[in-house]
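Data block below; observations after.
The chains referred to below are lettered A, B, ... by the order of the sequence lines, with proteins before strands, and numbering in each begins at 1.
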Amino acid sequence: MHVVLPDGKQLDLPQGATARDAAAAIGPRLAQDALGARVDGLLHDLLTPLPDGAQVSILTKRNLADAAELWRHTLGHVMSQAVGEYYRARGYPEGSVKRGVGPVIENGFYQDFDLPVPLKEEDLPEIEKIMHDILARDLELSRREVSRDEALAQFPADPFKQELIRDLPEDVTVTLYSQGDYTDLCRGPHAPRTGVLPKAFKLMSTSGAYWRGSEKNPMLQRVYGVAFATQKELDEHLHQLEEARRRDHRKLGKELELFLLDPLVGKGLPMWLPNGTVVREELVRFLREQQVARGYQGVITPNIGNLELYKTSGHYPYYSDSQFTPIEVDEEQYMLKPMNCPHHVRIYASKPRSYRDLPVRLAEFGTVYRYEMSGELNGLTRVRGFTQDDAHIFCRPDQLKAEFLDVLDLTVLVLRTFDLKDVRFRVGVRDPESDKYVGDEANWELAEKQIIEAVTEVGLPFTIEPGDAAFYGPKLDFVVRDVIGREWQLGTIQVDYNLPERFGLTYVGEDGQEHRPIMIHRAPFGSLERFMGILIEHYAGDFPFWLAPQQAVVIPISDRHLDYAHEVERTLRAQGLRVSVDAGSDRMNAKIRAAELRKVPAMLIVGDKEAEGREVSVRERGRGERKGVALDGLAGEYAARNANREN
RNA sequence: GCUCGUGUAGCUCAGUGGUAGAGCACUCCCUUGGUAAGGGAGAGGUCGUCGGUUCAAUCCCGACCACGAGCUCCA
């Protein structure tokens, strides 16, 4: 057989030759330095036989980054081995450490264990030490293809491995990788020796994880590690994590007094403090302006609804485990509303509609309540009571596309306004395996097709994800990451043929007959709570001028400037700006520091010179100082900045 | 919900089987100042809650509550 090298040369090799053999054929030095190989573009190790005619390029220390998946994986095995040695050293017998899965993840690896006694975070440095020792031992890795029975015999006492092996698809070759006395079921690829692995790794945390992700299964202990090609990259990564913690909306929310989660009020039920309320109300004002311009009509609906409403809509059976228990009043059951759509549907149905009236666009900042498992709750990003910037568009089939595109346009405007660039567009379609969906097949297919057409037309990059649809229709979601790297769905657009059907909605067409309207559910922010949480992290609490809870603080140099300071305050307030005087007894320097820490965009310093000339000395965050600025000019400048929603 | 961890002053955190401490913030006094902390004094805590062990618990044990990381689901 032969393989093709990057320079186009053919290399003849005996049948069954590996990348190691190929490297050796090129030169002994390369064989020594080789870590792995790219074979037809895929990452391979040196131990796996090469297919005939493959494109092969050998990876060495110089290609560490390209081979990351490979050495991270091997480091995962090294950790797994180290944990075994750790327990053996403490007198636990061979086999008392059982292993679940241990894949490579972004920036590192994890491994699930079933341990005789749980590992503590304090134990991790000790495990790391053993890992370094295993690297120093420079153990050779070997790869073995085995039969299923041999594989089962290799892990007689490990029920997890037994289950994994039994569940492997028939056509898969079962392989075992070993280093020293450690052997694991693994498909690879792996580094050739532990001595070549980068030492820039760190075990980060442990946590629980269900075997195969199901809460019906036993809980294993998962150990997370990160690993990089160089110490510098590891340090950078750790620094980034530090930075992320600094931006965490839960921390900033407290520091900047934006919101409050109070156990006595209830978990997952955030309250907005005055500062956070300013930001939130600005968001609402922004979106309302857009909605008015786009022909939406506001509606307001109550926070509870009769259970019958949700039986009709289909929410009740499908969402029963994520709703608050119904309240019984006068022998009727009421539910805290988990969604606004049923109420809006009833508003649509409250009078006859003509084709001329459509589209009807009903918008509400509607507060909804959903019962989330307590372990799911998280700051503002996962709560039990939240307000959606919800709207429902009822339209004719011929209007659907234009309406969808307008909503898409609005959503893109939202993302742009808040400078959210790291967004993923996700088309959620049905999971063919699941039966949680309502409505008929043809409508689903139509709706899915229309969404995909629209996003394609707009040219947004998107992914299609089966199983991510709502129970009544497919949707387009906007997904962003928080500072810890977790993904959160923000805005959503959903095309729905089913609720109109369930509620028997109609309009009278040109032909005088009744027709069924189509609904679009849409929420560009998604939930104001979650959006705010993401926004706080996005701006690191440093809101743009138009959103800042306090836009300017007037700082008098001494008490004799207080009168003028208040005049500055009055002048700016008259322009609708959020300004106050810092009249405390601190020195000016301390007041500047306090304002900086509170992230107030503008500090207006006034002393003798300023009072005399009706000026202010302007110090703006990130923009330096301007001295001798005319007060009236500044008021106009700031008013314009506010009106234009500039930073 | 489950596994593990955490819970001490408004905030950030020390600490001890013999009923508690720092810095910042707060109040008062002195200082009236020119672009990131002027000085001093004072006040503030049922050490998350409830039980247990003990002569004695904030500390040890248990349950509960809340928060955090993760597993599963979603705006």
Side-chain angles (χ1 to χ4, degrees), chain A residues 100 110 112 118-122 204-224 245 248 250-251 254-255 257 261-264 266-268 319 321-322 338-340 366 368 370-390 428 467-468 470 475 477-479 484 486-492 494 521 523-531 533-534 555-562 584-597 603-610 617-621 624-627:
Chain A
Y110 70 76
D112 288 345
L119 208 52
K120 296 202 161 114
E121 307 242 335
E122 300 93 89
M204 303 299 285
S205 60
T206 72
S207 72
Y210 294 106
W211 167 240
R212 307 194 122 183
S214 165
E215 55 192 314
K216 293 183 184 69
N217 288 337
M219 171 102 29
L220 305 179
Q221 190 172 15
R222 180 169 294 178
V223 180
Y224 285 91
R245 275 189 283 276
D248 193 312
R250 294 164 299 192
K251 180 175 151 64
K254 207 179 269 183
E255 285 172 7
E257 298 186 6
L261 286 160
D262 177 16
L264 193 56
K267 52 180 168 179
Y319 272 61
D321 56 348
S322 59
M339 286 189 174
N340 302 301
V368 296
R370 298 184 189 170
Y371 175 78
E372 300 286 350
M373 288 193 294
S374 62
E376 283 308 323
L377 300 175
N378 187 280
L380 289 179
T381 43
R382 190 60 167 275
V383 292
R384 283 180 176 168
F386 58 99
T387 302
Q388 293 179 310
D389 56 330
D390 212 354
D468 271 330
K475 52 183 192 163
D477 292 330
F478 311 92
V479 181
I484 310 184
R486 286 181 292 213
E487 286 200 325
W488 298 101
Q489 179 187 325
L490 294 181
T492 181
Q494 302 161 8
H521 307 238
F525 293 145
S527 110
L528 285 167
E529 282 73 11
R530 182 177 287 177
F531 194 80
I534 295 294
I555 299 176
I557 286 179
S558 85
D559 284 355
R560 71 173 176 278
H561 309 116
L562 265 173
S585 67
D586 282 331
R587 290 182 54 194
M588 180 199 67
N589 287 310
K591 290 179 183 178
I592 288 173
R593 183 178 142 85
E596 290 281 355
L597 292 177
M603 282 155 257
L604 310 176
I605 290 140
V606 295
D608 290 330
K609 272 184 280 179
E610 288 79 9
S617 174
V618 181
R619 177 192 164 111
E620 290 177 328
R621 285 175 61 69
E625 295 169 31
R626 284 183 287 161
K627 290 189 175 157

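At the heavy-atom level, A:E529 lies nowhere under 4.0 Å from the strands shown. Nucleic acid contact for A:E596: base, since at least one base atom lies under 4.0 Å from a heavy atom of the residue. Looking at heavy-atom distances under 4.0 Å, A:R587 makes contact with a base. Residue A:G379 is classed as a sugar-phosphate contact, given heavy-atom separations below 4.0 Å to backbone atoms only. Among the atoms of the strands shown, only primed sugar atoms or phosphate atoms (P, OP1, OP2) are found under 4.0 Å from some heavy atom of A:G213. Among the protein residues, A:E620 comes within range of no part of the nucleic acid, since none of its heavy atoms lies under 4.0 Å from any strand.
The nearest whole Å value for the distance from the CD atom in A:E372 to the P atom in B:C2 is 16 Å. Taking atom NZ of residue A:K591 and atom P of nucleotide B:G33, one finds them 13 Å apart after rounding to whole Å. Rounded to whole Å, atom C1' of B:U72 lies 14 Å from atom CG of A:L377. Atom CG of A:D262 is separated from atom P of B:C67 by 10 Å (rounded to the nearest Å). Distance, A:K267 NZ to B:G68 C1': 13 Å, rounded to whole Å. Atom pair A:D586:CG and B:C28:C1' shows a separation of 14 Å (rounding to whole Å applied). Summarising the geometry, the separation between CG on A:L597 and P on B:A25 is reported as 10 Å, rounded to the nearest angstrom. Computed from coordinates, the A:M588 CE to B:U32 C1' distance equals 12 Å when rounded to whole Å.
Closest to the side chain of A:R250, from the set B:G1, B:A69, B:C74, is B:A69. With B:A37, B:G34, B:G1 as the choices, the nucleotide that has an atom nearest any side-chain atom of A:R593 turns out to be B:A37. Among B:C71, B:G33, B:A75, the nucleotide with an atom closest to any side-chain atom of A:Y224 is B:C71. When the nucleotides B:A37, B:A66, B:C73 are ranked by their closest atom to the side chain of A:N589, B:A37 comes out on top. Picking from B:G34, B:A75, B:C2 the nucleotide with the shortest atom distance to the side chain of A:M219 gives B:C2. Proximity note for A:A590 (side chain, C-beta onward) versus B:G34, B:A37, B:U72: the nearest is B:A37.
The local environment of CD in A:E257 is sparse, with at most 12 non-hydrogen atoms from other residues, nucleotides or ligands closer than 6.0 Å.
Between the base of B:A36 and the side chain of A:R619 there is a donor-acceptor pair shorter than 3.5 Å. Residue A:Y210 places a side-chain atom within donor-acceptor reach of the base of B:G1, judged by atom type and a 3.5 Å distance cut-off alone. One cannot find a donor-acceptor pair under 3.5 Å joining the base of B:C71 and the side-chain atoms of A:R212. At a cut-off of 3.5 angstrom, the base of B:C74 holds no donor-acceptor pair with the side chain of A:E487.
Taking every heavy atom of both residues into account, A:A209 and A:M219 meet most closely at N-SD, 3.3 Å.
For B:G18 and B:U58, the C1' atoms lie 12 Å apart once the distance is rounded to whole Å. On the C1' atoms, B:G48 is 11 Å away from B:U6, given to the nearest whole Å. Here the separation of B:C47 from B:U19, taken at their P atoms, is 14 Å to the nearest Å. A gap of 27 Å separates the P atoms of B:G23 and B:C60, to the nearest Å.
Base pairing analysis places B:G23 opposite B:C11; the two distances defining the Watson-Crick or G-U wobble pair are each below 3.5 Å.
Each of A:F525 and A:E255 was assigned the nucleotide of RNA chain B with the nearest heavy atom; the assignment lying further toward the 5' end belongs to A:E255. Between A:R530 and A:S374, the residue anchored nearer the 5' end of RNA chain B, judged by the nucleotide with its closest heavy atom, is A:S374.
Partner A:Q489 forms a side chain to side chain donor-acceptor pair (under 3.5 Å) with one of A:D477, A:T381, A:D468 and no other, that one being A:D477. A side chain to side chain contact (heavy atoms under 4.5 Å, CB included) with A:V618 is found for exactly one of A:E625, A:M603, A:R626, namely A:R626.
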